[in-house]
Protein chains: 2
Amino acid sequence: MKLTTRGRYGLRAVLDLAVNSGDEAVALSQIADRQGISMNYLEQLIAKLKKSGIVNGIRGAQGGYILAMPADEISVGDILRALEGDLSPVDCSELNEGDTPCSSADICVTKYVWKRISDSINDTVDGIMLSDLVDESKKVLAEAGNMQDDQPKQIC
Amino acid sequence: MKLTTRGRYGLRAVLDLAVNSGDEAVALSQIADRQGISMNYLEQLIAKLKKSGIVNGIRGAQGGYILAMPADEISVGDILRALEGDLSPVDCSELNEGDTPCSSADICVTKYVWKRISDSINDTVDGIMLSDLVDESKKVLAEAGNMQDDQPKQIC
DNA sequence: ATTTAATCCTAGTGATTTAATAGGAATTAA
DNA sequence: TTAATTCCTATTAAATCACTAGGATTAAAT
């Protein structure tokens, strides 16, 4: 029941992009440096975000990435699902409509458990918008600015 | 973000035990047969449940397993945590008190996301008692009894 | 036009975890 | 004494994870 580094790094990368994006595109190398994530690996993560329509890539020199939508229209759920795939705790056709029907659905009791876990996870992450994290980040960075500079800059 | 077969099989096994236990202990071979799970593998799962005080083992001939407590005092959360370990989506000292403190806690924004996911999962599974599943199971089995016998008996 | 800075794309790899299988030791009712 | 059962540990094939590596493509800047 753990997220992989895809979800952890990827969410941090999108947040970094949202916080540090002005008018211009942000190069992935900058995000990788700030976040301490390998550039090559981050490329693979951002590819998933691009495929899901969360960011747009701009090729060529001075290129980079920008959010495809305003930060208050992107939920943490959108981001995590893009990176990790479906967030439900089991692969079960009763939870995911696309799947082929389960022949045991009639006598399956545990599916109620999986459905409730799945709904609680998705409701939670869909209720947090990227803009909420941007706001929180600005608050935290303002406080950090008042601290000594020998504070560790490493990130979870 | 998926449960492993430990959690899936293990929850089914405990439910099977709860449904099929009278006064006497239930042999693991019976549970394994009914649930279509390898006996050897199930042994390893039930060992975790025993260690967590959810079931008691009775050795020797005519031995088996019994619930260590009434089914309405055992939550699905207790069972899943025994089988899967901590259910939080990341290993983060801000979520798990035992861990060594995180040096980045002050500037970490995503920890709020992880905490909210963790709480929602744990609140959900702690709110479902084994007895709830037993009740549901009896209802489902009563209905299944009215159906033709050529229905699939395979389980999710 | 050339260079440079960047995204885009795919293949490979060591480490770890998963989902078992296997087999023997210990215990106890019959 | 036998048979049925839990208890315990080692091994393993397959999958997944978390990268690394390197080349192709694109477009701004010179």
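All values reported here derive from a predicted model rather than from experimental measurement. Every chain is numbered from 1, with letters handed out A, B, ... down the list of sequences.
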Open item on the list: Without decimals, in angstroms, what is the distance between B:Arg12 CZ and C:dA19 C1'?
Closed with: 14 Å

Task: Between A:Tyr41 and A:Thr5, a side-chain donor and acceptor under 3.5 Å - done: yes

- [ ] Take the protein atom CE of A:Met39 and the nucleotide atom P of D:dT20, then report the distance between them rounded to whole Å.
- [x] 13 Å

TODO: Give a yes/no answer on whether the side chain of A:Tyr65 brings an N or O atom under 4.0 Å of OP1 or OP2 in C:dC8.
DONE: yes

TODO: Report the base-pairing partner of D:dA14 (Watson-Crick or G-U wobble, both distances below 3.5 angstrom), or none.
DONE: C:dT17

TODO: Examine C:dA20: is either OP1 or OP2 under 4.0 Å from a nitrogen or oxygen in the side chain of B:Ser38? Give yes or no.
DONE: no

TODO: Any chance you could measure B:Ser120, atom OG, to A:Arg116, atom CZ, to the nearest 0.5 Å?
DONE: 12.5 Å

Task: B:Asn56 CG - C:dT28 C1' separation (whole Å) - done: 17 Å

Task: Given DNA chain C, 5'-ward residue of the pair A:Glu43 and A:Ala61, judged by closest heavy atom - done: A:Ala61

- [ ] Specify the separation, in whole Å, of atom CG of B:Leu45 and atom P of D:dT9.
- [x] 16 Å

TODO: Evaluate the criterion side-chain hydrogen bond (donor to acceptor under 3.5 Å, both in side chains) for residue pair B:Ser88 and B:Asp86; output intermediate values, then yes/no.
DONE: CA-CA 6 Å; B:Ser88 84; B:Asp86 153 51; 3.2 Å; yes

Task: Distance in angstrom units between A:Leu3 CG and D:dC17 C1', rounded - done: 14 Å

Task: Atom pair CD1/CE of A:Ile121 and B:Met1 - distance to nearest 0.5 Å - done: 4.0 Å

Task: Rounded distance (Å) that lies between atom C1' of D:dC8 and atom CG of B:Leu28 - done: 14 Å

- [ ] Return the 5'-most residue of the pair B:Gly64, A:Asn40 with respect to DNA chain D, ranking by each residue's nearest nucleotide.
- [x] B:Gly64

Open item on the list: Tell me whether the side-chain N or O atoms of A:Gln44 pair up with the base of D:dC19 as donor and acceptor below 3.5 Å, since no angle test is needed here.
Closed with: yes

Task: Check: A:Met69 and A:Asp78 side chains under 4.5 Å, non-hydrogen atoms - done: no

Open item on the list: In whole Å, I'd like the distance from the CG atom of B:Asp33 to the C1' atom of D:dT5.
Closed with: 14 Å

TODO: Measure from CD1 on A:Ile37 to P on D:dT20 and round the result to the nearest Å.
DONE: 12 Å

Task: Distance test, side-chain N/O of A:Thr5 to OP1/OP2 of D:dC17, below 4.0 Å - done: no

Open item on the list: Once hydrogens and angles are ignored, does a donor-acceptor distance under 3.5 Å link the base of C:dT27 to the side chain of B:Arg59?
Closed with: no

- [ ] Could you tell me whether A:Ile46 contacts a base, only the sugar-phosphate backbone, or nothing, with contacts defined as non-hydrogen atoms closer than 4.0 Å?
- [x] nothing

TODO: Please check the phosphate of D:dC17 (OP1 and OP2 only) for any side-chain N or O of A:Tyr41 closer than 4.0 Å.
DONE: no

